[in-house]
Amino acid sequence: MAIRRVAQLRSYEQFTDYCEAVGASLPVDAVALDGEESPLARSYVYRDRQLTNRFAILPMEGWDGTADGHPSDLTRRRWQRFGRSGAKLIWGGEAVAVRHDGRANARQLVINDDTAGSLSSLRRALADAHAERFGAADDLLIGLQLTHSGRFCRPNSARLEPLALYRHPILDEKFGLADDACVMTDEDIGRLIDDFGRAAALAQQAGYDFVDIKHCHGYLGHEFLSAVDRPGRYGGSFENRTRFLRETVAKTRSAAPGLDIGVRLSALDWAPFRPGPDSVGEPAPFPGPRYPYAFGGDGTGTGCDLEEPARFLALLRELGIRLVCITAGSPYYNFHIQRPAIFPPSDGYALPEDPLVGVARQINITAALKAAFPDLTIVGSGYSYLQDWLPNVAQATVRAGMTDFVGLGRMALSYPDLPADLLAARPLQRKRICRTFSDCTTAPRNGMVSGCYPLDDFYKSRDEFTRLAAIKKETAH
(Lines give C-alpha, C1' and ligand atoms only; values in the text may rest on other atoms or scores of the structure.)
Protein backbone atom coordinates (compact mmCIF):
# COMPACT_ATOMS: atom_id res chain seq x y z
CA MET A 1 0.00 0.00 0.00
CA ALA A 2 1.51 3.29 -1.11
CA ILE A 3 0.70 5.97 1.46
CA ARG A 4 1.16 9.57 0.38
CA ARG A 5 2.46 12.03 2.93
CA VAL A 6 -0.01 14.72 3.91
CA ALA A 7 2.63 17.40 3.29
CA GLN A 8 2.54 16.43 -0.39
CA LEU A 9 -1.18 17.14 -0.66
CA ARG A 10 -0.88 20.86 -1.27
CA SER A 11 -4.26 21.75 -2.76
CA TYR A 12 -7.81 21.21 -1.53
CA GLU A 13 -8.50 19.02 -4.55
CA GLN A 14 -5.43 16.87 -3.93
CA PHE A 15 -6.34 16.39 -0.30
CA THR A 16 -10.02 15.60 -0.81
CA ASP A 17 -9.37 13.36 -3.84
CA TYR A 18 -6.83 11.39 -1.86
CA CYS A 19 -9.16 11.07 1.14
CA GLU A 20 -11.84 9.70 -1.16
CA ALA A 21 -9.38 7.28 -2.76
CA VAL A 22 -8.30 5.77 0.56
CA GLY A 23 -11.79 5.76 2.09
CA ALA A 24 -11.26 8.49 4.67
CA SER A 25 -14.61 10.24 5.09
CA LEU A 26 -13.62 13.61 6.51
CA PRO A 27 -15.38 16.96 6.68
CA VAL A 28 -13.03 19.55 5.22
CA ASP A 29 -13.50 23.20 4.30
CA ALA A 30 -11.81 24.51 1.18
CA VAL A 31 -10.64 27.64 2.97
CA ALA A 32 -9.26 27.71 6.50
CA LEU A 33 -10.61 30.85 8.11
CA ASP A 34 -8.46 32.63 10.63
CA GLY A 35 -8.85 35.17 13.35
CA GLU A 36 -12.34 35.92 14.63
CA GLU A 37 -13.94 34.53 11.45
CA SER A 38 -12.93 30.98 12.30
CA PRO A 39 -15.43 28.64 13.99
CA LEU A 40 -12.46 27.70 16.18
CA ALA A 41 -12.58 31.23 17.63
CA ARG A 42 -16.15 30.87 18.87
CA SER A 43 -16.71 31.11 22.60
CA TYR A 44 -18.06 28.15 24.50
CA VAL A 45 -19.71 28.29 27.90
CA TYR A 46 -18.90 25.30 30.08
CA ARG A 47 -20.84 25.43 33.33
CA ASP A 48 -20.00 28.94 34.63
CA ARG A 49 -16.81 29.38 32.59
CA GLN A 50 -16.66 31.08 29.19
CA LEU A 51 -13.84 29.64 27.09
CA THR A 52 -12.98 31.90 24.20
CA ASN A 53 -11.86 29.34 21.61
CA ARG A 54 -12.34 25.69 20.69
CA PHE A 55 -8.81 24.32 21.12
CA ALA A 56 -7.84 21.84 23.84
CA ILE A 57 -4.41 20.48 24.76
CA LEU A 58 -4.57 16.74 25.33
CA PRO A 59 -2.58 14.95 28.05
CA MET A 60 0.95 14.16 26.79
CA GLU A 61 3.22 12.84 29.53
CA GLY A 62 6.91 13.36 28.82
CA TRP A 63 8.48 10.55 30.86
CA ASP A 64 10.51 13.38 32.37
CA GLY A 65 9.47 13.63 36.02
CA THR A 66 11.77 12.83 38.92
CA ALA A 67 12.20 9.38 40.44
CA ASP A 68 9.82 10.33 43.26
CA GLY A 69 7.14 11.74 40.97
CA HIS A 70 7.80 15.48 40.98
CA PRO A 71 7.85 17.61 37.81
CA SER A 72 11.29 18.38 36.36
CA ASP A 73 12.46 21.43 34.42
CA LEU A 74 11.53 19.53 31.24
CA THR A 75 8.00 19.00 32.57
CA ARG A 76 7.66 22.69 33.41
CA ARG A 77 8.90 23.67 29.95
CA ARG A 78 6.21 21.57 28.29
CA TRP A 79 3.45 22.94 30.51
CA GLN A 80 4.56 26.52 29.95
CA ARG A 81 4.38 25.89 26.20
CA PHE A 82 0.88 24.49 26.68
CA GLY A 83 -0.03 27.75 28.41
CA ARG A 84 1.43 29.85 25.60
CA SER A 85 -0.46 27.81 22.99
CA GLY A 86 -3.59 29.91 23.33
CA ALA A 87 -5.82 26.86 23.90
CA LYS A 88 -8.41 27.55 26.60
CA LEU A 89 -9.02 23.96 27.70
CA ILE A 90 -6.07 22.04 29.13
CA TRP A 91 -7.34 18.47 29.32
CA GLY A 92 -5.61 16.92 32.26
CA GLY A 93 -2.13 18.31 31.56
CA GLU A 94 -0.76 14.77 31.55
CA ALA A 95 -1.43 11.40 33.14
CA VAL A 96 -0.52 11.50 36.83
CA ALA A 97 -0.47 8.27 38.83
CA VAL A 98 -2.57 8.21 41.98
CA ARG A 99 0.06 6.04 43.68
CA HIS A 100 3.57 4.79 43.00
CA ASP A 101 2.71 1.30 41.75
CA GLY A 102 0.39 2.79 39.12
CA ARG A 103 3.12 4.56 37.15
CA ALA A 104 3.51 3.63 33.47
CA ASN A 105 7.20 4.49 33.71
CA ALA A 106 9.68 5.30 36.43
CA ARG A 107 9.57 9.03 35.58
CA GLN A 108 5.81 9.51 35.48
CA LEU A 109 4.34 12.14 37.77
CA VAL A 110 2.66 10.95 40.97
CA ILE A 111 0.21 12.87 43.13
CA ASN A 112 0.60 12.47 46.90
CA ASP A 113 1.16 14.66 49.94
CA ASP A 114 4.80 15.17 48.99
CA THR A 115 4.25 16.13 45.34
CA ALA A 116 1.02 18.14 45.60
CA GLY A 117 2.88 21.42 46.08
CA SER A 118 5.00 20.96 42.98
CA LEU A 119 1.91 20.00 40.96
CA SER A 120 0.29 23.23 42.15
CA SER A 121 3.36 25.14 40.99
CA LEU A 122 3.16 23.35 37.65
CA ARG A 123 -0.40 24.55 37.14
CA ARG A 124 0.60 28.09 38.07
CA ALA A 125 3.51 27.98 35.61
CA LEU A 126 1.09 27.10 32.81
CA ALA A 127 -1.39 29.80 33.82
CA ASP A 128 1.36 32.41 34.23
CA ALA A 129 2.75 31.61 30.78
CA HIS A 130 -0.73 32.02 29.33
CA ALA A 131 -1.28 35.33 31.15
CA GLU A 132 2.12 36.65 30.07
CA ARG A 133 1.25 36.11 26.42
CA PHE A 134 -2.49 36.79 26.35
CA GLY A 135 -2.99 39.16 29.25
CA ALA A 136 -5.14 36.97 31.51
CA ALA A 137 -5.70 33.37 32.48
CA ASP A 138 -9.17 33.58 34.00
CA ASP A 139 -10.71 31.97 30.92
CA LEU A 140 -8.56 28.83 31.19
CA LEU A 141 -9.99 25.49 32.29
CA ILE A 142 -7.13 23.33 33.61
CA GLY A 143 -7.55 19.72 34.65
CA LEU A 144 -5.35 16.92 35.94
CA GLN A 145 -5.64 13.41 34.53
CA LEU A 146 -5.63 10.79 37.29
CA THR A 147 -4.55 7.29 36.35
CA HIS A 148 -3.41 3.85 37.33
CA SER A 149 -1.60 2.05 34.51
CA GLY A 150 -2.86 -1.43 35.30
CA ARG A 151 -1.23 -4.16 33.23
CA PHE A 152 1.21 -1.58 31.81
CA CYS A 153 2.77 -0.49 35.12
CA ARG A 154 6.54 0.04 35.15
CA PRO A 155 6.92 2.08 38.34
CA ASN A 156 10.57 1.42 39.14
CA SER A 157 12.40 0.56 35.89
CA ALA A 158 11.76 -0.75 32.41
CA ARG A 159 10.57 -4.01 33.99
CA LEU A 160 6.84 -4.60 33.79
CA GLU A 161 5.10 -4.84 37.20
CA PRO A 162 1.50 -5.34 36.09
CA LEU A 163 -1.74 -5.13 38.03
CA ALA A 164 -4.50 -6.48 35.83
CA LEU A 165 -8.21 -7.16 36.20
CA TYR A 166 -8.39 -10.43 34.28
CA ARG A 167 -6.26 -12.87 32.32
CA HIS A 168 -6.12 -11.87 28.66
CA PRO A 169 -5.32 -14.63 26.14
CA ILE A 170 -3.27 -12.36 23.86
CA LEU A 171 -1.87 -9.62 26.09
CA ASP A 172 -0.73 -12.09 28.76
CA GLU A 173 1.48 -13.82 26.21
CA LYS A 174 2.62 -10.57 24.60
CA PHE A 175 3.73 -9.06 27.91
CA GLY A 176 4.72 -12.20 29.79
CA LEU A 177 1.97 -12.49 32.41
CA ALA A 178 2.36 -16.11 33.49
CA ASP A 179 -0.09 -16.53 36.37
CA ASP A 180 -2.84 -14.92 38.44
CA ALA A 181 -0.48 -13.16 40.85
CA CYS A 182 -1.00 -9.80 39.14
CA VAL A 183 -4.82 -9.97 39.07
CA MET A 184 -6.33 -7.47 41.50
CA THR A 185 -8.89 -8.60 44.07
CA ASP A 186 -12.07 -6.67 44.78
CA GLU A 187 -10.41 -5.52 48.01
CA ASP A 188 -7.43 -4.21 46.02
CA ILE A 189 -9.82 -2.24 43.84
CA GLY A 190 -11.54 -0.76 46.88
CA ARG A 191 -8.22 0.52 48.19
CA LEU A 192 -7.41 1.98 44.77
CA ILE A 193 -10.72 3.87 44.72
CA ASP A 194 -9.72 5.40 48.05
CA ASP A 195 -6.42 6.46 46.44
CA PHE A 196 -8.30 8.17 43.60
CA GLY A 197 -10.35 10.07 46.17
CA ARG A 198 -7.24 11.25 48.02
CA ALA A 199 -5.64 12.25 44.74
CA ALA A 200 -8.70 14.26 43.73
CA ALA A 201 -8.66 16.13 47.05
CA LEU A 202 -5.00 17.02 46.52
CA ALA A 203 -5.69 18.14 42.95
CA GLN A 204 -8.44 20.43 44.21
CA GLN A 205 -6.12 21.89 46.84
CA ALA A 206 -3.51 22.41 44.11
CA GLY A 207 -5.98 24.61 42.21
CA TYR A 208 -7.04 22.35 39.34
CA ASP A 209 -10.50 22.97 37.92
CA PHE A 210 -11.28 19.31 37.28
CA VAL A 211 -9.85 15.81 37.39
CA ASP A 212 -10.08 13.30 34.57
CA ILE A 213 -10.83 9.78 35.76
CA LYS A 214 -8.96 8.13 32.92
CA HIS A 215 -10.79 5.37 30.98
CA CYS A 216 -8.68 5.01 27.85
CA HIS A 217 -5.71 3.45 26.06
CA GLY A 218 -5.65 0.10 27.82
CA TYR A 219 -4.87 1.47 31.27
CA LEU A 220 -6.77 0.26 34.31
CA GLY A 221 -9.91 2.40 34.01
CA HIS A 222 -10.28 1.31 30.40
CA GLU A 223 -9.65 -2.35 31.28
CA PHE A 224 -12.61 -2.34 33.65
CA LEU A 225 -14.87 -1.76 30.65
CA SER A 226 -13.67 -4.96 28.96
CA ALA A 227 -13.63 -7.18 32.07
CA VAL A 228 -16.39 -9.38 30.69
CA ASP A 229 -14.86 -12.57 32.13
CA ARG A 230 -14.03 -11.22 35.59
CA PRO A 231 -16.16 -12.67 38.39
CA GLY A 232 -17.51 -10.60 41.24
CA ARG A 233 -18.56 -6.98 41.65
CA TYR A 234 -16.32 -5.45 38.98
CA GLY A 235 -16.77 -7.76 36.01
CA GLY A 236 -19.29 -9.38 33.70
CA SER A 237 -22.32 -7.12 33.31
CA PHE A 238 -22.18 -3.53 32.14
CA GLU A 239 -23.33 -2.47 35.60
CA ASN A 240 -20.42 -4.29 37.22
CA ARG A 241 -17.86 -3.12 34.65
CA THR A 242 -18.81 0.50 35.35
CA ARG A 243 -18.86 0.08 39.14
CA PHE A 244 -15.28 1.38 39.40
CA LEU A 245 -16.36 4.60 37.66
CA ARG A 246 -19.41 5.08 39.86
CA GLU A 247 -17.58 4.38 43.10
CA THR A 248 -14.61 6.56 42.11
CA VAL A 249 -16.92 9.44 41.24
CA ALA A 250 -18.68 9.07 44.59
CA LYS A 251 -15.35 8.94 46.44
CA THR A 252 -14.09 11.98 44.53
CA ARG A 253 -17.16 14.03 45.38
CA SER A 254 -16.92 13.02 49.02
CA ALA A 255 -13.21 13.84 49.26
CA ALA A 256 -13.28 16.96 47.06
CA PRO A 257 -16.72 18.61 47.15
CA GLY A 258 -17.23 20.99 44.24
CA LEU A 259 -14.37 19.64 42.15
CA ASP A 260 -15.48 19.05 38.56
CA ILE A 261 -14.92 15.66 36.89
CA GLY A 262 -14.18 14.70 33.29
CA VAL A 263 -13.56 11.35 31.63
CA ARG A 264 -11.29 10.56 28.69
CA LEU A 265 -12.72 7.45 27.04
CA SER A 266 -11.45 5.01 24.44
CA ALA A 267 -14.85 4.70 22.76
CA LEU A 268 -13.44 2.10 20.36
CA ASP A 269 -10.97 -0.69 20.90
CA TRP A 270 -9.78 -3.51 18.67
CA ALA A 271 -7.92 -6.75 19.15
CA PRO A 272 -4.16 -6.45 19.70
CA PHE A 273 -2.18 -6.16 16.47
CA ARG A 274 1.14 -7.81 15.60
CA PRO A 275 3.53 -7.60 12.63
CA GLY A 276 2.31 -9.93 9.89
CA PRO A 277 3.75 -10.62 6.44
CA ASP A 278 6.15 -7.85 5.40
CA SER A 279 5.76 -6.50 8.97
CA VAL A 280 2.30 -5.10 8.15
CA GLY A 281 0.09 -5.00 11.22
CA GLU A 282 -2.63 -7.60 11.55
CA PRO A 283 -4.91 -8.68 14.41
CA ALA A 284 -3.35 -11.38 16.55
CA PRO A 285 -5.39 -14.61 16.39
CA PHE A 286 -7.75 -15.06 19.31
CA PRO A 287 -9.54 -18.16 20.58
CA GLY A 288 -13.21 -18.57 19.84
CA PRO A 289 -15.52 -17.04 17.24
CA ARG A 290 -15.65 -13.59 18.89
CA TYR A 291 -13.13 -11.19 20.41
CA PRO A 292 -14.98 -10.10 23.57
CA TYR A 293 -12.42 -7.71 25.12
CA ALA A 294 -12.86 -4.68 22.87
CA PHE A 295 -15.04 -2.03 24.49
CA GLY A 296 -16.85 -0.39 21.57
CA GLY A 297 -15.96 -3.30 19.31
CA ASP A 298 -18.37 -5.56 17.44
CA GLY A 299 -16.77 -8.90 18.30
CA THR A 300 -14.80 -9.26 15.07
CA GLY A 301 -11.66 -7.68 16.55
CA THR A 302 -11.64 -4.89 13.96
CA GLY A 303 -15.15 -3.47 13.98
CA CYS A 304 -17.18 -0.88 15.84
CA ASP A 305 -20.38 -1.03 17.87
CA LEU A 306 -21.18 2.13 19.85
CA GLU A 307 -24.00 0.66 21.93
CA GLU A 308 -21.94 0.32 25.13
CA PRO A 309 -19.97 3.57 24.66
CA ALA A 310 -23.34 5.33 24.32
CA ARG A 311 -24.54 3.63 27.53
CA PHE A 312 -21.34 4.79 29.20
CA LEU A 313 -21.95 8.41 28.16
CA ALA A 314 -25.52 8.13 29.38
CA LEU A 315 -24.14 6.98 32.73
CA LEU A 316 -21.76 9.94 32.81
CA ARG A 317 -24.72 12.23 32.26
CA GLU A 318 -26.64 10.53 35.09
CA LEU A 319 -23.61 11.07 37.32
CA GLY A 320 -23.58 14.78 36.49
CA ILE A 321 -20.40 14.57 34.38
CA ARG A 322 -20.52 16.77 31.30
CA LEU A 323 -16.88 16.88 30.19
CA VAL A 324 -15.85 13.97 27.92
CA CYS A 325 -12.83 13.46 25.67
CA ILE A 326 -13.16 10.76 23.01
CA THR A 327 -10.19 8.71 21.84
CA ALA A 328 -9.59 5.12 20.70
CA GLY A 329 -7.46 2.03 21.14
CA SER A 330 -4.14 1.69 22.94
CA PRO A 331 -0.55 2.67 22.13
CA TYR A 332 0.58 -0.71 23.48
CA TYR A 333 -1.29 -3.04 21.15
CA ASN A 334 -3.09 -1.21 18.30
CA PHE A 335 -1.37 2.15 18.04
CA HIS A 336 -2.54 2.90 14.49
CA ILE A 337 -6.17 3.38 15.54
CA GLN A 338 -5.18 5.42 18.60
CA ARG A 339 -2.45 7.68 17.23
CA PRO A 340 -2.44 7.64 13.40
CA ALA A 341 1.10 8.30 12.09
CA ILE A 342 3.02 7.91 8.85
CA PHE A 343 6.01 6.46 10.74
CA PRO A 344 5.31 3.77 13.37
CA PRO A 345 7.20 3.77 16.69
CA SER A 346 10.24 1.50 16.95
CA ASP A 347 8.26 -1.30 18.61
CA GLY A 348 5.31 -1.04 16.22
CA TYR A 349 4.36 -2.56 12.88
CA ALA A 350 3.97 -1.35 9.31
CA LEU A 351 0.68 0.43 8.70
CA PRO A 352 -2.31 -1.73 7.72
CA GLU A 353 -4.29 1.32 6.60
CA ASP A 354 -3.73 4.90 5.55
CA PRO A 355 -3.51 7.00 8.73
CA LEU A 356 -6.19 9.33 7.36
CA VAL A 357 -8.61 6.43 7.69
CA GLY A 358 -7.77 6.26 11.40
CA VAL A 359 -8.28 10.01 11.77
CA ALA A 360 -11.65 9.81 10.03
CA ARG A 361 -12.69 6.89 12.24
CA GLN A 362 -12.05 8.87 15.43
CA ILE A 363 -13.69 12.03 14.11
CA ASN A 364 -16.81 10.20 12.97
CA ILE A 365 -17.16 8.19 16.19
CA THR A 366 -16.88 11.44 18.14
CA ALA A 367 -19.50 13.02 15.88
CA ALA A 368 -21.91 10.11 16.39
CA LEU A 369 -21.58 10.35 20.16
CA LYS A 370 -21.92 14.14 20.13
CA ALA A 371 -25.11 13.81 18.07
CA ALA A 372 -26.49 11.33 20.60
CA PHE A 373 -25.50 13.50 23.59
CA PRO A 374 -25.71 17.15 22.51
CA ASP A 375 -25.76 18.33 26.12
CA LEU A 376 -22.31 16.87 26.86
CA THR A 377 -19.15 18.87 26.23
CA ILE A 378 -17.13 16.74 23.83
CA VAL A 379 -13.42 17.01 23.01
CA GLY A 380 -12.16 15.22 19.90
CA SER A 381 -8.79 13.54 19.35
CA GLY A 382 -6.71 12.33 16.41
CA TYR A 383 -6.25 15.66 14.62
CA SER A 384 -2.45 15.99 14.56
CA TYR A 385 -1.96 13.68 11.57
CA LEU A 386 -3.96 16.13 9.44
CA GLN A 387 -0.93 18.44 9.59
CA ASP A 388 -1.38 21.35 7.12
CA TRP A 389 -5.05 20.44 6.74
CA LEU A 390 -5.78 20.43 10.46
CA PRO A 391 -7.36 23.92 10.43
CA ASN A 392 -9.63 23.02 7.49
CA VAL A 393 -10.92 19.82 9.05
CA ALA A 394 -11.04 21.18 12.60
CA GLN A 395 -13.17 24.18 11.70
CA ALA A 396 -15.47 21.95 9.64
CA THR A 397 -16.08 19.60 12.57
CA VAL A 398 -16.75 22.45 15.01
CA ARG A 399 -18.96 24.33 12.56
CA ALA A 400 -21.02 21.17 11.95
CA GLY A 401 -21.35 20.41 15.66
CA MET A 402 -19.39 17.16 15.33
CA THR A 403 -17.28 18.13 18.34
CA ASP A 404 -17.12 21.03 20.75
CA PHE A 405 -13.33 21.20 21.08
CA VAL A 406 -10.44 20.09 18.90
CA GLY A 407 -7.80 18.33 20.96
CA LEU A 408 -4.10 18.63 20.10
CA GLY A 409 -1.61 16.05 21.35
CA ARG A 410 1.66 15.57 19.43
CA MET A 411 1.12 18.85 17.61
CA ALA A 412 1.43 20.61 20.96
CA LEU A 413 4.97 19.23 21.30
CA SER A 414 6.27 20.37 17.92
CA TYR A 415 4.12 23.46 17.36
CA PRO A 416 2.32 24.54 20.52
CA ASP A 417 1.76 27.99 18.99
CA LEU A 418 -0.55 26.66 16.27
CA PRO A 419 -3.77 27.77 18.01
CA ALA A 420 -2.34 31.21 18.77
CA ASP A 421 -1.06 31.68 15.21
CA LEU A 422 -4.32 30.55 13.62
CA LEU A 423 -6.52 32.66 15.88
CA ALA A 424 -4.31 35.73 15.38
CA ALA A 425 -4.48 35.34 11.57
CA ARG A 426 -0.77 34.60 11.30
CA PRO A 427 0.45 32.16 8.62
CA LEU A 428 1.12 28.68 9.92
CA GLN A 429 4.79 27.83 10.39
CA ARG A 430 5.07 24.76 8.18
CA LYS A 431 8.50 23.81 9.51
CA ARG A 432 7.01 23.30 12.96
CA ILE A 433 3.98 21.21 11.94
CA CYS A 434 4.10 17.70 13.40
CA ARG A 435 4.85 15.18 10.65
CA THR A 436 4.20 12.19 12.95
CA PHE A 437 7.74 10.80 12.92
CA SER A 438 6.81 9.08 16.22
CA ASP A 439 10.07 10.07 17.93
CA CYS A 440 7.99 11.29 20.88
CA THR A 441 6.94 7.64 21.32
CA THR A 442 10.11 5.85 20.22
CA ALA A 443 12.25 7.83 22.70
CA PRO A 444 10.39 6.76 25.86
CA ARG A 445 10.02 3.23 24.52
CA ASN A 446 13.83 3.20 24.71
CA GLY A 447 14.22 4.82 28.12
CA MET A 448 14.52 8.46 27.05
CA VAL A 449 12.37 11.50 27.75
CA SER A 450 9.64 12.29 25.27
CA GLY A 451 9.79 15.35 23.05
CA CYS A 452 9.79 16.47 19.44
CA TYR A 453 13.36 15.58 18.47
CA PRO A 454 12.97 16.30 14.73
CA LEU A 455 11.42 19.78 14.97
CA ASP A 456 12.15 21.27 18.40
CA ASP A 457 15.70 22.67 18.52
CA PHE A 458 15.70 22.25 22.29
CA TYR A 459 15.52 18.47 21.96
CA LYS A 460 17.86 18.39 18.99
CA SER A 461 20.58 19.72 21.29
CA ARG A 462 20.17 16.94 23.85
CA ASP A 463 22.29 13.79 24.02
CA GLU A 464 19.19 11.68 23.39
CA PHE A 465 18.97 13.06 19.85
CA THR A 466 22.04 11.09 18.74
CA ARG A 467 21.00 7.96 20.64
CA LEU A 468 17.53 8.10 19.13
CA ALA A 469 18.90 8.49 15.59
CA ALA A 470 21.05 5.38 16.10
CA ILE A 471 18.09 3.35 17.39
CA LYS A 472 15.93 4.40 14.45
CA LYS A 473 18.66 3.51 11.98
CA GLU A 474 19.06 0.09 13.56
CA THR A 475 15.36 -0.71 13.62
CA ALA A 476 14.96 0.47 10.01
CA HIS A 477 17.14 -2.47 8.96
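Keep in mind that the numbers below use all heavy atoms, side chains included, and drop hydrogens, waters and symmetry copies.
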Enquirer: Checking Ser72 against Thr75: is there a side-chain donor and acceptor pair closer than 3.5 Å?
Expert: yes
Enquirer: Within the structure provided, determine whether Asp354 and Arg4 are in side-chain contact (heavy-atom separation under 4.5 Å).
Expert: no
Enquirer: With a 4.0 Å cut-off, would you call Glu353 and Arg361 a salt bridge?
Expert: yes
Enquirer: A quick test of your reading: do over 12 heavy atoms of other residues, nucleotides or ligands sit less than 6.0 Å from NZ of Lys251?
Expert: no
Enquirer: Kindly indicate whether the side chain of Leu26, heavy atoms from C-beta on, has any atom under 4.5 Å from the side chain of Leu386.
Expert: yes
Enquirer: So Tyr293 and His168, ring-ring contact (aromatic ring centres under 6.0 Å, His included) or not? Walk me through it.
Expert: CA-CA 8 Å; Tyr293 307 111; His168 191 292; 4.9 Å; yes
Enquirer: May I ask you to decide whether Arg233 forms a salt bridge with Asp186, counting only side-chain N to carboxylate O separations under 4.0 Å?
Expert: no
Enquirer: Taking all non-hydrogen atoms of both residues into account, name the closest pair between Ala125 and Gln80 and its distance.
Expert: O-CG, 3.8 Å
Enquirer: Between Ser330 and Asp269, is there a side-chain donor-acceptor contact under 3.5 Å, judged purely by atom types and distance?
Expert: no
Enquirer: Judged by modelled atom types alone, do His100 and Asn112 share a side-chain donor-acceptor pair under 3.5 Å?
Expert: no
Enquirer: Looking at Thr252 and Ala200, would you say the former's side chain and the latter's main chain have a donor-acceptor pair under 3.5 Å?
Expert: no
Enquirer: Which pair of non-hydrogen atoms, one from Thr66 and one from Pro71, has the smallest distance, and what is that distance?
Expert: CG2-O, 4.1 Å
Enquirer: Give a yes or no answer on whether the side chain of Thr242 reaches the backbone of Phe238 with a donor-acceptor pair at less than 3.5 Å.
Expert: yes
Enquirer: Kindly compute the distance separating CG (Leu323) from CZ (Phe210), expressed to the nearest 0.5 Å.
Expert: 5.0 Å
Enquirer: What are the two closest non-hydrogen atoms of Ala267 and Ile326, and how far apart are they?
Expert: CB-CG2, 4.0 Å
Enquirer: Under 3.5 Å, is there a donor-acceptor pair between the side chain of Gln362 and the main chain of Ile337?
Expert: yes
Enquirer: A side-chain contact here means heavy atoms from C-beta on lying under 4.5 Å apart; do Met184 and Leu192 qualify?
Expert: yes
Enquirer: Below 4.0 angstrom, N of the basic side chain to O of the carboxylate: do Asp194 and Arg191 qualify?
Expert: no
Enquirer: Look at the side chain of Thr442 and the backbone N and O of Ser346, then say whether any donor-acceptor pair between them is shorter than 3.5 Å.
Expert: yes
Enquirer: Measure the acute angle between the ring planes of Phe244 and His215, then classify it against the limits of 30° and 60° as parallel, tilted or perpendicular.
Expert: tilted
Enquirer: Quick one: closest heavy-atom pair of Pro419 and Ala87, and the distance?
Expert: CB-N, 4.3 Å
Enquirer: Determine whether a donor-acceptor pair (N or O, by modelled atom type, separation under 3.5 Å) exists between the side chain of Arg167 and the backbone of Leu177.
Expert: yes
Enquirer: Please state whether the rings of Trp79 and Phe82 are parallel, tilted or perpendicular, taking 30° and 60° as the class boundaries.
Expert: tilted
Enquirer: First locate atom CG of Leu408, then atom OG of Ser85, and finally report the distance between them rounded to the nearest 0.5 Å.
Expert: 7.5 Å
Enquirer: When you compare the side chains of His70 and Ser118, does any donor N or O come within less than 3.5 Å of an acceptor on the partner?
Expert: yes
Enquirer: Kindly indicate, with the supporting measurements, whether the criterion ring-ring contact (aromatic ring centres under 6.0 Å, His included) is fulfilled by Tyr383 and Tyr385.
Expert: CA-CA 6 Å; Tyr383 285 84; Tyr385 184 76; over 10 Å; no
Enquirer: Any sub-3.5 Å donor-acceptor pair from Ser149's side-chain atoms to Ala104's backbone N or O?
Expert: yes
Enquirer: Quick one: are Glu61 and Leu109 in side-chain contact, heavy atoms under 4.5 Å?
Expert: no
Enquirer: Quick check: do Ile378 and Phe405 have side-chain heavy atoms less than 4.5 Å from each other?
Expert: no
Enquirer: Please work out which of the three classes, parallel, tilted or perpendicular, describes the rings of Tyr332 and Phe152, given edges at 30° and 60°.
Expert: parallel
Enquirer: Is there any salt bridge (Lys or Arg N to Asp or Glu O under 4.0 Å) pair reaching into residues 293-312, and which pairs are they, with sequence neighbours excluded?
Expert: Arg241-Glu308
Enquirer: Counting C-beta onward and ignoring hydrogens, is there a side-chain heavy-atom pair between Arg253 and Ile261 closer than 4.5 Å?
Expert: yes
Enquirer: Regarding Ser120 and Tyr208, is there a side-chain donor-to-acceptor distance under 3.5 Å anywhere?
Expert: no
Enquirer: Step by step, would you call Asp64 with Arg107 a salt bridge (Lys or Arg N to Asp or Glu O under 4.0 Å)?
Expert: CA-CA 5 Å; Asp64 54 15; Arg107 299 191 68 178; over 6 Å; no
Enquirer: What residue among Trp270, Phe286, Phe273 forms ring pair (Phe, Tyr, Trp, His ring centres under 6.0 Å) with Tyr291?
Expert: Phe286
Enquirer: Would you check if Leu356 and Pro340 make a side-chain contact, meaning some heavy-atom pair closer than 4.5 Å?
Expert: no
Enquirer: Any donor-acceptor pair under 3.5 Å linking the side chain of Arg78 with the backbone of Met60?
Expert: yes
Enquirer: Decide yes or no on side chain to side chain contact (heavy atoms under 4.5 Å, CB included) for Leu74 and Tyr459, but give the supporting numbers first.
Expert: CA-CA 10 Å; Leu74 291 175; Tyr459 285 94; 4.3 Å; yes
Enquirer: Mind jotting down which residue pairs meet the salt bridge (Lys or Arg N to Asp or Glu O under 4.0 Å) criterion with at least one end in residues 328-339? Sequence neighbours excluded, please.
Expert: none
Enquirer: Under 6.0 Å from the six-membered ring centre of Tyr349 and within 45° of its axis: does the NZ or CZ of Arg274 meet both?
Expert: no
Enquirer: Just wondering, more than 12 heavy atoms not from Asp179 lying within 6.0 Å of its CG?
Expert: yes
Enquirer: Tell me the closest heavy-atom pair linking Arg230 and Leu165, and the distance in Å.
Expert: NH1-O, 2.9 Å
Enquirer: Is there a donor-acceptor contact under 3.5 Å linking the side chains of Ser414 and Arg410?
Expert: no
Enquirer: Given Arg264 and Val324, is the side chain to side chain contact (heavy atoms under 4.5 Å, CB included) satisfied, shown in steps?
Expert: CA-CA 6 Å; Arg264 193 171 194 211; Val324 185; over 6 Å; no
Enquirer: One pair to check against salt bridge (Lys or Arg N to Asp or Glu O under 4.0 Å): Arg159 and Glu161. What are the steps and the verdict?
Expert: CA-CA 6 Å; Arg159 183 173 66 87; Glu161 300 180 46; 3.6 Å; yes
Enquirer: Does CG in Asp68 sit with more than 12 non-hydrogen atoms of other residues, nucleotides or ligands closer than 6.0 Å?
Expert: yes
Enquirer: Begin with the C-alpha distance, continue with both residues' side-chain angles, and end with the deciding distance and a verdict on salt bridge (Lys or Arg N to Asp or Glu O under 4.0 Å) for Lys472 and Asp439.
Expert: CA-CA 9 Å; Lys472 291 173 65 178; Asp439 286 21; 2.7 Å; yes
Enquirer: Just by modelled atom types, is the Val379 backbone N or O under 3.5 Å from a matching donor or acceptor in the Trp91 side chain?
Expert: no
Enquirer: Can any side-chain N or O of Thr115 pair as donor or acceptor with the backbone N or O of Val110 at less than 3.5 Å?
Expert: yes
Enquirer: Do Arg435 and Gln387 have side-chain N/O donor and acceptor atoms under 3.5 Å apart?
Expert: yes
Enquirer: Could you walk me through whether Leu245 and Phe224 pass the side chain to side chain contact (heavy atoms under 4.5 Å, CB included) test, one step at a time?
Expert: CA-CA 9 Å; Leu245 168 73; Phe224 274 102; over 6 Å; no
Enquirer: Is the backbone N or O of Met411 less than 3.5 Å from a side-chain atom of Ser384, with the two atoms forming a donor-acceptor pair by type?
Expert: yes
Enquirer: Just checking Arg5: does its CZ atom have more than 12 heavy atoms from other residues, nucleotides or ligands closer to it than 6.0 angstrom?
Expert: no
Enquirer: What residue pairs, at least two apart or across chains, pass salt bridge (Lys or Arg N to Asp or Glu O under 4.0 Å) with a residue in residues 209-222?
Expert: Arg49-Asp209
Enquirer: So Thr436 and Pro355, do their side chains get closer than 4.5 Å, heavy atoms only?
Expert: no
